[in-house]
Trainee: 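Handing you this structure, nothing more for now.
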Amino acid sequence: MALEFLPAPVVRRSGWERWAFIFFLIAAASSFSNAISNISFALCGAATILWRREAAGRGETILSPFSSGSAPWPGRWLGLFVALSVLSCFFSTSPARSLGELKGFITFALFPLALAFLNDADDVHLLLDLWRISALYLILRGLVELLSGAVSLDVRLSGGMSTYMTYSGLLMGLVLVLAARGTSGVRGRASCAADLLVAALGTAAVALTLTRSAYLGLAAGALALLFLIRPLFTLVVPVLAVMLLVAMPASVRTRAFSTFDAADRTARDRVLMWQAGASMVADHPLFGVGPGRVKELYPKYRRPGYVNAAPGHLHDNVVMIAAETGIPSALAYLAFTAMFLIESVRRERAWSGFGERSVARGCVAAMAAFFVSGFFEYNFGDVEILRVTLVMAALPLALPFSRRTSIANAA
């Protein structure tokens with residue numbers, strides 16, 4: 001193999017670590033395809049076991065790469081969330097049914113894997129470059145759908161994904177991370193221009209999905225990014241918002257305003273879902289009704305006037321988590337999100353290099369977007385979005401906090 005043609009992060013690794021890293025990158029960057037991501041994730045797990053077995057033979061600690069170092073709390077809260085969720089299977093209203101959902105929790109291994117592999121400038125930039133390609137692919141898939149003329153409020157832009165919500169949610173996070181790097185100037189004019197172009201096209205694609213939760217999430221993420229870059233710039237946000245509303249297509253503007261329409265049938269149905277979820281929590285406060293049981297039990301709890309007779313989830317992260325796995329699990333999710341944001345902002349303020357700061361800014365903006373859109377959509381349970389969320393949550397924690405050199409200088 002001609003290693004000189006491979007990216008530097010791949011070249012400097014050897015043996016099973018190299019293969020584990022390659023498969024990790026593919027799994028993290030290919031959320032647009034469950035098949036590719038799942039196969040790569042499985043191969044990454046196998047290669048990682050062999051890599052750490054080799055390391056143990058050299059006297060290294062097996063689990064040493066999988067630590068969040070000086071910022072352990074976000075990882076600990078995430079670990080507690082997973083532990084409580086798994087435990088809830090045994091207290092489920094149907095343990096046999098819920099235990100079958102355990103395989104889904106393997107996805108959370110992406111967080112410690114990201115901590116192990118993405119710990120310097122080259123690693124981070126390589127992943128972001130791959131995310132840029134993934135975002136461009138999603139945009140082009142959406143463009144093909146748009147040009148086919150098959151897009152409307154009934155048939156929404158989905159870019160080849162399972163639903164338009166998954167498509168818009170995934171693009172939303174990628175747009176914000178790329179926008180943060182593009183505005184930092186750390187990779188040269190051509191790379192920054194490519195980041196900003198893809199971010200702009202991705203924003204347009206999100207708008208055309210007519211997905212209100214993504215609108216709110218993207219707005220919250222953009223506001224967070226703007227505040228981290230230049231706090232005073234947030235004062236012009238109202239003016240920019242009005243200009244954007246005037247410029248956007250009428251269909252997008254109408255859909256955005258319908259978010260605040262109390263008469264909207266889907267908005268009313270969400271409220272009814274949340275009420276049903278509250279009743280589930282009241283009946284099963286500690287461990288919920290059990291993973292995989294909300295849809296099955298919804299007919300028992302649904303309120304009169306419902307639109308969707310058997311929704312797959314309750315269209316809210318906190319409500320869904322509390323109903324499915326209990327209040328302690330929902331609190332662990334909230335603590336993980338809060339600790340990530342606090343620690344990442346602290347690092348963003350302390351780092352002197354624009355490179356590290358742009359990574360932290362982008363991930364904070366994306367996580368804020370995921371969290372806000374999660375008030376109206378169960379995106380923490382959408383595996384395509386969850387993969388990206390977990391890796392983004394690890395990025396600011398994986399970069400060494402004690403270092404004061406810029407990623408731009410290291411790149």
Side-chain angles (χ1 to χ4, degrees), residues 29-34 131-180 182 193-226 237 240-261 264-267 269-270 315 362 365-366 368-370 372-379 382 384-385 388-389:
S30 58
S31 276
F32 54 82
S33 170
N34 274 330
W131 271 343
R132 185 169 64 195
I133 295 172
S134 295
L136 184 59
Y137 169 80
L138 289 170
I139 292 166
L140 293 176
R141 284 292 302 266
L143 180 62
V144 170
E145 284 186 21
L146 189 65
L147 294 177
S148 70
V151 176
S152 66
L153 190 57
D154 295 322
V155 182
R156 313 265 279 278
L157 199 67
S158 62
M161 305 296 294
S162 55
T163 69
Y164 54 86
M165 286 186 171
T166 299
Y167 179 67
S168 60
L170 188 55
L171 263 181
M172 177 183 69
L174 297 177
V175 157
L176 291 165
V177 171
L178 292 174
D195 284 342
L196 293 175
L197 177 61
V198 172
L201 293 173
T203 300
V206 171
L208 292 172
T209 65
L210 304 178
T211 306
R212 294 170 295 188
S213 60
Y215 290 176
L216 292 172
L218 191 57
L223 188 62
L225 182 58
L226 189 62
V237 167
L240 293 175
V242 171
M243 294 173 60
L244 181 61
L245 286 172
V246 172
M248 66 176 52
S251 60
V252 176
R253 184 166 56 249
T254 300
R255 185 63 176 166
F257 280 125
S258 71
T259 303
F260 311 101
D261 183 3
D264 183 83
R265 64 196 297 269
T266 57
D269 199 32
R270 275 173 168 75
H315 285 276
F370 290 140
V372 170
S373 64
F375 284 120
F376 306 96
E377 174 61 22
Y378 183 41
N379 54 18
D382 191 327
E384 293 94 339
I385 297 175
V388 172
T389 301

Trainee: Looking only at heavy atoms, which two atoms of V177 and G362 are closest? And how far apart?
Mentor: CG2-O, 3.7 Å
Trainee: Calculate, to the nearest 0.5 Å, the distance between atoms OG1 and CG belonging to T203 and L176 respectively.
Mentor: 7.5 Å
Trainee: Donor-acceptor pair, E145 side chain versus G160 backbone, under 3.5 Å?
Mentor: yes
Trainee: Can you tell me if T163 uses its side chain to pair, donor with acceptor, with the backbone of T166 under 3.5 Å?
Mentor: yes
Trainee: If only side-chain N and O atoms count, and only distance matters, is there a donor-acceptor pair under 3.5 Å linking S33 with S30?
Mentor: no
Trainee: Can you name the closest pair of heavy atoms from L157 and A205 and give their distance?
Mentor: CD2-O, 3.7 Å
Trainee: Any donor and acceptor pair, going by atom type alone, linking the side chain of S213 with main-chain N or O of F376 inside 3.5 Å?
Mentor: no
Trainee: How many angstroms lie between atom CG of L178 and atom CH2 of W131, to the nearest 0.5 angstrom?
Mentor: 9.0 Å
Trainee: Show the nearest heavy-atom pair for residues A369 and G217, with the distance to one decimal.
Mentor: CB-O, 3.0 Å
Trainee: Evaluate I139 against L143 for side-chain contact (heavy atoms from CB on, under 4.5 Å), listing each step before the verdict.
Mentor: CA-CA 6 Å; I139 292 166; L143 180 62; 5.5 Å; no
Trainee: To the nearest 0.5 Å, what is the distance between OH on Y378 and OG on S373?
Mentor: 13.5 Å
Trainee: Work out which heavy atom in G374 is nearest to a heavy atom in N379; give both atom names and the distance.
Mentor: N-ND2, 3.6 Å
Trainee: Which heavy-atom pair separates R132 from A194 by the least distance, and what is that distance?
Mentor: NH1-CB, 3.6 Å
Trainee: Atom OH in Y167, atom CG in L208: separation rounded to 0.5 Å?
Mentor: 8.5 Å
Trainee: Do F375 and L216 come close enough that some side-chain heavy atom pair is under 4.5 Å?
Mentor: no
Trainee: List the steps and the verdict of side-chain contact (heavy atoms from CB on, under 4.5 Å) for E384 and F32.
Mentor: CA-CA 7 Å; E384 293 94 339; F32 54 82; over 6 Å; no
Trainee: So, for G159 and L138, which heavy atoms are closest and what is the spacing to 0.1 Å?
Mentor: O-CD2, 4.2 Å
Trainee: State the CG-CG distance between L171 and L201, to the nearest 0.5 angstrom.
Mentor: 10.0 Å
Trainee: Run the side-chain contact (heavy atoms from CB on, under 4.5 Å) check on L210 and Y215 step by step: do they pass?
Mentor: CA-CA 8 Å; L210 304 178; Y215 290 176; 3.7 Å; yes
Trainee: In sequence, state the C-alpha distance, the side-chain angles, and the governing distance for E377 and R212, and then conclude on side-chain contact (heavy atoms from CB on, under 4.5 Å).
Mentor: CA-CA 10 Å; E377 174 61 22; R212 294 170 295 188; over 6 Å; no
Trainee: Is it true that a side-chain atom of D195 and a backbone atom of A179 form a donor plus acceptor pair closer than 3.5 Å?
Mentor: no
Trainee: Could you state the interatomic distance from OG1 (T209) to CE (M165), rounded to the nearest 0.5 Å?
Mentor: 9.0 Å
